[in-house]
Amino acid sequence: MDVGSWILWTAPLVALLGYTSHRASLCTVAAVAEALEARRLNRFGVFARAVLWAMLLTVPALLFYPEKFAAAAATGPLSLALLGGFLFGLGAAINRGCAFSTLQRLADADWRMLATLSGFLAGDVLWQLWSPPANASLPAAAPATWLWPALIGVTVWALWELARLWRGRESLRGERAGQAYSPAATALLLGLGAGALYLGFGPWTYTASLHGFSGALIQDLPFPPVAQLALVPVLFGGMLYSAWQRGTWRRRKSSRGWGLSLVGGTLMGIGGALIPGGNDTLLLRLIPALTPNSLYTYLMLILGVASGWLLQRRLRRAHCEAPGCGGAPVS
């Protein structure tokens, strides 16, 4: 991709995804906490709809241009991917934030997320130093027999969803600058944006980019394209703009939790090396591309989050005698 094309459509699209994800406060950890505490699956509903919108673009690409968009299958066993999903989820629970929400909280001046990102890189590097070179564990080619039924199903759903959105007149901008986006608008923007980036870049998510960068340093693999690596600061820039617009940018006074963020980030990095990527890669790239076993890996990630969240809740209750003492809420 030439520089002009990158500037014209890719950078604004990635910035919009960062802006949208910050505005919607998307986080698998928060989704699990909501399910366990409030018995609601609203956030998971947003994730599911975003996956379907992304499929509307990725499935036709795989169906009609398989030689271009179907990557070669990886060699690692499924057990590694499942282990990676669990470790990433456990680390995210310890960190109190997953891949996207780590950047979102950093955009809100939660400086502890710098420890999380450092731990992520350290964990990824540690695994790649220890493991053999071919450590990717998810095959990237979808079976052709799945594609036509998936395309028909997602097209019917998209027409129904568009009709529902039109009847409800749900705004894509929010009623005012500081308002969070509606679930339907969030899913539409994230899903279609992620699908478009899949067509342009393949592994575009920032966890996959960081994994590719560390792999190039450690295992002499090809470096990711510069344009792909440049998506990371652009994504963060979109989040920063949303934080400034909403007035959430501020220097937080709390200095506690740096160690937990580092530990959580390290586990996320090891898990991200095994998947490879993170929950952002699973939800916005691998699952929409019908990558075999990616859904199982995400379910293991949810199990890891739930295990870490329940363990922390039990520990807080064991060390807290005052009524209502339960720790800081998950962002």
Side-chain angles (χ1 to χ4, degrees), residues 17-18 20-56 58-59 81-82 84-105 138 150 153-154 157-158 160-161 164-165 168 170 180-195 198 205 207 264 268 271-272 275 277-291 293-313 329-331:
L17 285 181
T20 303
S21 63
H22 183 274
R23 188 56 55 97
S25 300
L26 292 180
C27 179
T28 297
V29 178
V32 171
E34 180 185 62
L36 293 175
E37 284 191 331
R39 302 294 190 268
R40 292 199 308 266
L41 300 175
N42 296 355
R43 282 186 170 90
F44 281 119
V46 175
F47 298 157
R49 284 191 279 187
V51 167
L52 291 172
W53 281 120
M55 286 176 62
L56 192 64
T58 57
V59 171
L82 297 179
F86 184 85
L87 289 177
F88 190 97
L90 182 63
I94 294 172
N95 179 55
R96 296 178 179 253
C98 54
F100 263 131
S101 59
T102 293
L103 290 186
Q104 291 160 17
R105 289 170 62 186
L138 281 177
V154 76
W157 172 86
W160 174 84
E161 181 75 353
R164 190 182 69 83
L165 285 170
E170 294 193 59
Y181 280 0
S182 70
T186 297
L188 176 68
L189 291 170
L190 282 177
L192 291 182
Y198 172 85
T205 55
T207 53
M268 291 166 68
I275 291 174
N279 62 308
D280 55 344
T281 304
L282 286 166
L283 284 171
L284 297 179
R285 180 176 181 263
L286 295 177
I287 295 176
L290 301 180
T291 305
N293 304 319
S294 57
L295 182 58
Y296 302 140
T297 302
Y298 185 66
L299 292 176
M300 283 297 293
L301 190 150
I302 292 174
L303 179 61
V305 172
S307 300
W309 188 87
L310 291 171
L311 177 61
Q312 289 184 90
R313 187 174 70 171
V330 176
S331 59

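- Leu284 contributes atom CG, which lies 7.5 Å from atom CG of Leu17 (distance to the nearest 0.5 angstrom).
- Here the closest non-hydrogen pair linking Ala35 and Phe44 is CB-CE1, 4.4 Å.
- Of the inter-residue distances, the one linking Leu52 atom CG with Arg49 atom CZ reads 9.5 Å to the nearest 0.5 angstrom.
- Of the options Thr28, Leu190, Thr205, a side-chain contact (heavy atoms from CB on, under 4.5 Å) to Asp280 is made by Thr205 and by none of the others.
- Nearest heavy-atom pair across Phe100 and Ser21 is CD2-OG, 4.0 Å.
- Between Gly272 and Phe88, the shortest heavy-atom contact is N-CD1, 3.9 Å.
- For Ala33 against Trp309, the heavy-atom pair with the smallest separation is CB-NE1, 3.6 Å.
- The CG atom of Asn95 sits 5.5 Å away from the CZ atom of Arg105 when rounded to the nearest 0.5 Å.
- Residues passing the side-chain hydrogen bond (donor to acceptor under 3.5 Å, both in side chains) test with Glu34: none are found, sequence neighbours excluded.
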Next item on the list: Run the numbers on Leu90 and Val305 for side chain to side chain contact (heavy atoms under 4.5 Å, CB included), then give the verdict.
Entry: CA-CA 5 Å; Leu90 182 63; Val305 172; over 6 Å; no
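- Side-chain N or O atoms of Thr58 include one that pairs as donor or acceptor with a backbone N or O of Pro288 at under 3.5 Å.
- Considering CG of Leu295 and CG of Leu283, their distance stands at 9.5 Å, rounded to 0.5 Å.
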Note to self: Applying side chain to side chain contact (heavy atoms under 4.5 Å, CB included) to Met300 and Leu303, what does each step give before you reach the verdict?
What the structure shows: CA-CA 5 Å; Met300 283 297 293; Leu303 179 61; 4.1 Å; yes
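- Nearest heavy-atom pair, Ala92 versus Met268, reported as atom, atom and distance to 0.1 Å: N-CG, 3.5 Å.
- Note that the OG atom of Ser101 and the CG atom of Asn279 stand 7.5 Å from one another [nearest 0.5 Å].
- The side-chain contact (heavy atoms from CB on, under 4.5 Å) search around Gln312 returns Ala93, Arg96, Arg316, not counting sequence neighbours.
- Residue Gly191 comes nearest to Trp53 through the heavy atom pair CA-CB, 3.8 Å, listed as atom of the first residue, atom of the second, then distance.
- Formation of a donor-acceptor pair under 3.5 Å by the Thr102 side chain with backbone atoms of Cys98 is found in this model.
- A distance of 11.0 Å separates CG of Leu282 from CG of Asn293, quoted to the nearest 0.5 Å.
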